[in-house]
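To start, the structure itself, in structure tokens.
Each chain gets a letter, A, B and so on, in the order its sequence line appears, and its residues count up from 1. Since the model is a prediction, treat every value here as computed from it, not as a measurement.
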Amino acid sequence: MLDIKFVKQHIKMVQAKLDQRGQKIDLGPFTELDQKRRDILMELETLRFVRNTVSKEIGEKKQNKEDASDIISKAAEVSVKIKTLEEELVGTEENLRNFLMTIPNIPHESVVYGKGADDNPVIRTWGEKPLFPFPPKPHWEIGENLNILDFARAAKITGARFTLYRGMGALLERALINFMLDLHTTEHGYTEMLPPFMVNVNSMTGTGQLPKFADDLFKVEKTDYFLIPTAEVPITNIHREEILNEKDMPIYYTAYTPCFRSEAGSYGKDTRGLIRQHQFNKVEMVKFTTPETSYDELEKLTLNAEEVLKRLNIHYRTVSLCTGDLGFSSAKTYDVEAWLPGQKTYREISSCSNFEDFQARRASIRFRRSNGKVEFVHTLNGSGLAVGRTVVAVLENYQQPNGDAAIPEALKPYMKGIDRITAKGLA
RNA sequence: GGAGAGAUGGCUGAGUGGCCGAAAGCGAUCGCCUGCUAAGCGAUUGUACGCCCAUUAAAGGUGUACCGCGGGUUCGAAUCCCGCUCUCUCCGCCA
């Protein structure tokens, strides 16, 4: 959510920035609602002042055993008016808040203007595309040939867009999770968390999934809970409605969780393989920082994500999302895209964002400066990494002429020391 | 699932209708004292929103709201009533 005062004072600039996102967002109702709110509030506060004064008077009279019936009836009248105005105020504030809740964040000044993914500038690349003396296969073929990924049976068990991992495939997924968590906790300074995988409406609202994106979520029947679409939600909400100490910041958390996404509106896209699933695993990194350090922290966060691919020796590039491709809550986002030789394409494997105070204001996450002043924190998060897609990257980049998949050196300690995955077990 | 107890400021904890935004203690901050530390003394110590002043803002002044959340009673609610949520204890069930 944007800052009411800021929007009020810089309405033209905010409108111009939002226009760069390429969606039609009209701030007109904002000015109107805000004015209405202040008008009501002023009148209401005056009446409350009257009531408080009169009530005090009544109390004094009663104590002196004087008759107070005349002013009591007057006070009653005032109270009736107050009640009406209070209802009006609640309604107006709700409208204002609901309106602001649907307004996306303002892109940072360093974010380039663009219409969509094709306009995202490449910031850097690492490594090189590996050369294969044979046509590299897509991961779904490798995985099925090795009998480690079973899409057909997952569809039987549940439905489309789910995967059953088998044997070394399951181990590979688990190994990646542990490898990533160990890297972030022991070398990058993050504290590991294991949060609930379902959250309530307030948490979803705090990070921006609700009210606008309910269609993307799975709701648990007979409850008000939702399955998390990313660990960002429970982890960022750890400090919802709290005031942190400046000296405790920045705070770094990392967490492995499964993620559940309905992928509404993506029919026909990425229907094969592990790329787009209703359930997938992810290791997430979340930061709470002061406003003055958040952009430095975003750079570090992105490098932390990239480090995973470096250790696995997988070629990637990092792009900066342009204004038209930026997510709702984000002021600036870097996507790390791994090279997938089987599909001859770069594919997003991590997304690292600075939300500035957008989530913090929604979720009321603040900190107290050493001089006592209270301000909103900046929140950041990034995948470190999407585990299923990392499996894809490993299988496609490490595939062998005979169909085996080699194990990256860094992963061997997590894979019982084996060198490669070979086909075995019942088909 | 059944029975009971509770939810107050950073923490502990008082407060059963007006004198309570809230005692006391702890903690914290600043100052004094001190060779240093500790102790001691003094002061300060919630958040949000509105208005005034000022205008880059801050500070300041003033008002309103907030004692888990939501409603009700009342001229007036932390305090009384109702609903909900959460926590704790006991019993049952359970990975």
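With B:U47, B:A65, B:C49 as the candidates, the nucleotide lying closest to the side chain of A:V374 is B:U47. Side chain of A:S55, nearest nucleotide from B:G18, B:U64, B:G50: B:G18. Distance from the side chain of A:K8 is smallest for B:G50 among the nucleotides B:A65, B:G18, B:G50. Side chain of A:K5, nearest nucleotide from B:C75, B:A48, B:C49: B:C49. Distance from the side chain of A:K83 is smallest to B:G72 among B:G50, B:C86, B:G72. Nearest to the side chain of A:I58, among B:C51, B:G18, B:A65, sits B:G18. Closest to the A:M42 side chain, of the nucleotides B:C51, B:C75, B:A57, is B:C51. The side chain of A:S79 lies closest to B:G76 when the candidates are B:C51, B:G76, B:C49. Comparing B:U47, B:C86, B:C75 by their nearest atom to the side chain of A:Y225 picks out B:C86.
Between A:N200 and the phosphate of B:U85, there is no side-chain N or O to OP1/OP2 separation shorter than 4.0 Å. OP1 or OP2 of B:U47 lies within a sub-4.0 Å distance of a side-chain N or O belonging to A:R368. Residue A:N245 has no polar side-chain atom (N or O) positioned under 4.0 Å from OP1 or OP2 of B:G10. OP1 or OP2 of B:A48 sits under 4.0 Å from a side-chain N or O of A:R366.
Between the side chains of A:N105 and A:E356, not a single donor N or O lies within less than 3.5 Å of an accepting N or O.
If you run ring pair (Phe, Tyr, Trp, His ring centres under 6.0 Å) between A:H239 and each of A:F376, A:F367, A:Y253, only A:Y253 comes through.
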Original post:
Under the side chain to side chain donor-acceptor pair (under 3.5 Å) criterion, do A:Q35 and A:R38 qualify, and how do the steps go?
Top reply: CA-CA 5 Å; A:Q35 186 59 47; A:R38 288 210 317 284; 3.2 Å; yes
**OP:** List the steps, then state whether salt bridge (Lys or Arg N to Asp or Glu O under 4.0 Å) holds for A:D39 with A:K36.
**Re:** CA-CA 5 Å; A:D39 290 345; A:K36 189 175 172 195; over 6 Å; no
**OP:** Dump the intermediate steps for ring pair (Phe, Tyr, Trp, His ring centres under 6.0 Å) on A:F197 and A:F260, then the final yes or no.
**Re:** CA-CA 9 Å; A:F197 300 159; A:F260 302 91; 7.5 Å; no
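Comparing the C1' positions of B:G17 and B:C81 gives an interatomic distance of 13 Å, to the nearest angstrom. Separation of the P atoms belonging to B:U12 and B:G70 is 22 Å when rounded to the nearest angstrom. Between the C1' atoms of B:G46 and B:U29, the separation comes to 15 Å (whole Å). B:U56 sits 46 Å from B:C75 when the C1' atoms are compared, rounded to a whole Å. Rounded to a whole angstrom, the distance from the C1' atom of B:A59 to that of B:A54 is 10 Å. Between B:C66 and B:G9, the distance separating the two P atoms is 15 Å to the nearest Å. Between B:C30 and B:A39, the two P atoms lie 15 Å apart (nearest whole Å). Between B:U74 and B:C91, the distance separating the two C1' atoms is 42 Å to the nearest Å.
Here A:K74 lies out of heavy-atom contact (under 4.0 Å) with every strand.
Pair assignment for B:G6 gives B:C86, based on Watson-Crick or G-U wobble hydrogen-bonding distances that are each under 3.5 Å. In this structure, B:G27 and B:U45 make a Watson-Crick or G-U wobble pair, each of the two defining distances being under 3.5 angstrom. The pairing partner recorded for B:C67 is none, the criterion being a Watson-Crick or G-U wobble arrangement whose two distances lie under 3.5 angstrom. B:G21 is unpaired under the Watson-Crick or G-U wobble criterion, no partner having all donor-acceptor distances under 3.5 Å. Of the nucleotides present, B:C91 is the one that pairs with B:G1 by Watson-Crick or G-U wobble criteria, both distances under 3.5 Å. Across all strands shown, nothing is found opposite B:A38 as a Watson-Crick or G-U wobble partner with both distances under 3.5 Å. If you check B:G60 for Watson-Crick or wobble pairing at under 3.5 angstrom, you find it paired to B:C52. Under the Watson-Crick or G-U wobble criterion, with both distances below 3.5 Å, B:C33 is left unpaired in every strand shown.
Both A:S73 and A:G372 sit near RNA chain B, but only A:G372 has its closest nucleotide nearer the 5' end. Two residues, A:G59 and A:I243, neighbour RNA chain B, and the one matched to the more 5' nucleotide by heavy-atom proximity is A:G59.
Taking atom CG on A:D224 and atom P on B:C86, their separation rounds to 11 Å, with Å as the unit. A straight line from NZ of A:K56 to C1' of B:U64 spans 13 Å, rounded to a whole angstrom. The distance from atom CG of A:D34 to atom P of B:C51 is 9 Å, rounded to the nearest whole Å. Protein atom CD of A:E86 is 13 Å distant from nucleotide atom C1' of B:G72, rounded to whole Å. Atom NZ of A:K373 is separated from atom P of B:U29 by 20 Å (rounded to the nearest Å). In this structure, the CD atom of A:E94 is 19 Å from the P atom of B:C49, given to the nearest Å. Rounded to whole Å, the distance from CD on A:E246 to C1' on B:G10 is 17 Å. Taking atom CG of A:L244 as the reference point, atom P of B:U47 lies 14 Å away to the nearest angstrom.
Judged purely by atom type and a 3.5 angstrom limit, A:S203 has no side-chain atom pairing as donor or acceptor with the backbone of A:P234.
Using cut-offs of 30° and 60° on the angle between ring planes, the pair A:H184 and A:H188 is tilted.
Around the CD atom of A:E32, the shell of radius 6.0 Å holds no more than 12 heavy atoms that belong to other residues, nucleotides or ligands.
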